[in-house]
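Note sheet for the following structure.
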Amino acid sequence: MFAYGIMPPAMFLGMIIFMLYGFPVAFSLSAVGLFFGLLGIATGHFEFAFMQALPFRIFGIVSNDLLLAIPFFTFMGAILERCGLAEDLLEGTGKLFGAVPGGLAYAVIVVGAILGAITGTVAASVITMGVISLPIMLKYGYNPRLATGVIAASGTITQVIPPSLVLIVLADQLGRSVGDMYLGAIGPSILQVTIFMLFILGLSIFRPKDVPPLPPEARGEMNAALVMKVLWGMVPSIVLIFLVLGTIFMGLATPTEAGALGVVGAMAIAAMHRRLTWDLLRQGMHSTMTITSMVVFILVGATCFSLVFQGMDGGLWIEHLLSHVPGGAIGFLIFVNIFIFFLAFFLDFFEIAFIVIPMLAPVASALGIDLIWFGVLLCINMQTSFMHPPFGFALFYLRSIAPKSVKTKDIYLGAIPWLCMQLVLVAIVIFWPESVTYWLDKAPDVDLNTIKIEVPGFGNGNGGGNQMPNFGLPPMDGAPAQPGQQGLPGMPNFGEPPKINP
């Protein structure tokens with residue numbers, strides 16, 4: 001525990017105390033970092049010059065082009081949240097699946113996945129789907145716990161489905177490509193949606209009273225108008241998804257450039273729905289400014305903390321603790337995911353990403369764990385921070401828009417089955433890494449022992465050979481040049497002393 005002194009654990013404990021006290025996270029991290037920085041200088045852990053790296057780190061944060069993707073994707077989500085796209089999608093797909101038991105729940109899951117792929121924000125998805133779907137589901141006999149649970153869980157899918165903000169932050173902290181992180185998240189995203197749908201299918205078979213189909217008067221007739229309504233919501237969304245993700249995967253745009261294209265596409269969709277107004281843009285910019293400022297301040301505080309923590313040999317302390325976990329790489333992953341799960345009860349996903357991930361990444365790399373796999377796995381785990389009581393933000397969002405007839409107890413208890421399904425996905429990804437790595441571009445499998453490098457010679461008079469001319473130079477073994485060895489025509493004989501003409 002104290003193999004590297006008392007300072008690293010004391011610094012970690014100080015951070016926890018500040019956060020439990022309720023002081024803002026960004027300023028807590030900065031305060032702990034600066035205090036222990038002065039203490040480290042006084043105790044001789046490092047020189048004052050070591051702290052001069054802090055301004056350069058902060059400048060590196062504000063000049064990081066990759067982090068520009070965060071305000072772009074946030075602004076895109078803020079516009080789409082208010083442009084009416086979700087309303088069209090939910091209404092159309094709800095009627096399309098309405099005749100099937102659990103049809104509304106299927107519609108919520110599908111729309112949650114689509115919104116996740118084009119907005120990347122949990123609040124927008126949960127609030128929008130809750131306002132539209134929850135009253136209808138309660139009106140036609142859905143179990144309140146199931147209705148609230150499926151809405152909250154479908155909203156949190158946005159944390160795993162690209163272009164998730166969490167994946168951008170994790171890519172930055174792990175030093176990996178955002179495009180690779182997005183590709184790695186495709187498999188788990190599909191698995192998550194499939195698990196949710198299988199759960200609804202099981203309920204429709206064994207407990208059909210909890211998920212009744214819509215009556216004919218509510219869903220209307222299956223006609224061309226209904227299909228066109230669904231397509232009106234789907235087609236622009238698919239185009240926007242390709243615009244954002246396809247350009248990244250094909251290498252045509254960086255994540256920042258794709259985010260800018262996404263903003264243009266979101267504004268075009270808002271104009272199609274005749275809701276592109278100055279007030280909508282102002283609200284979107286205000287929301288974007290708030291979230292971006294929060295992220296930057298947390299990142300600056302985390303940088304101050306991590307710099308001093310590394311100077312105190314904190315990285316070696318963490319590696320010493322975690323590298324001795326039994327079970328090797330799998331044991332390490334299980335331990336880390338349990339730790340992250342309980343940490344998410346109290347910390348936001350941004351705080352976890354900026355504080356904890358830089359400590360864990362070197363250990364994972366030393367154990368031979370693919371960092372893309374590691375990052376996607378932690379992203380899946382961190383989505384549970386929105387779901388589990390008492391501080392699940394998705395539950396708070398749902399409580400704010402749910403009717404008074406829905407008890408808070410029902411919202412919390414309804415989230416538990418979906419939380420368990422998210423943990424099932426964590427286990428699947430741990431024991432089946434190909435669910436992440438299958439989608440990544442694989443380097444060619446080359447046996448280094450079979451590589452042979454041949455340098456062609458200059459010829460020996462008969463059109464071949466691998467002898468190089470010596471140009472009159474002494475042999476490489478240091479022996480003097482042999483008499484009669486001449487260089488090329490017009491070249492001096494370097495095997496003889498220079499001649500000076502009078």
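No hydrogens, no waters, no symmetry mates; every other heavy atom, side chains included, goes into these values.
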Would you give the length of the straight line joining atom CD1 of I151 to atom CG of L146, rounded to the nearest 0.5 angstrom? 9.5 Å

Taking every heavy atom of A394 against every heavy atom of V126, the minimum-distance pair comes out as O-CG1, 3.8 Å

Within the structure provided, determine whether F50 and L307 are in side-chain contact (heavy-atom separation under 4.5 Å). yes

Any chance you could measure I186, atom CD1, to M181, atom CE, to the nearest 0.5 Å? 13.0 Å

In the structure I gave you, are the side-chain heavy atoms of F374 and L333 within less than 4.5 Å of one another anywhere? yes

Heavy atoms from other residues, nucleotides or ligands near CZ of F335 exceed 12 (cutoff 6.0 Å): no

Would you please classify the geometry between the F199 ring and the W418 ring as parallel, tilted or perpendicular, with 30° and 60° separating the classes? perpendicular

Kindly compute the distance separating CG (L183) from CD1 (I248), expressed to the nearest 0.5 Å. 9.5 Å

Would you tell me whether T156 and Q422 have side-chain atoms, one donor and one acceptor, within less than 3.5 Å of each other? yes

Restricting to side-chain contact (heavy atoms from CB on, under 4.5 Å), what partner residues turn up for A266, sequence neighbours left out? M76, I79, L80

Before accepting this row, confirm whether a basic side-chain N of the pair D410/K407 lies closer than 4.0 Å to the acidic partner's carboxylate O. no

Output for pair (L29 CG, L299 CG), nearest 0.5 Å, gives 10.5 Å

Residue pair V308 / F35, side-chain heavy-atom distance below 4.5 Å: no

Spacing of I291 atom CD1 and I70 atom CD1 [to the nearest 0.5 Å]: 10.0 Å

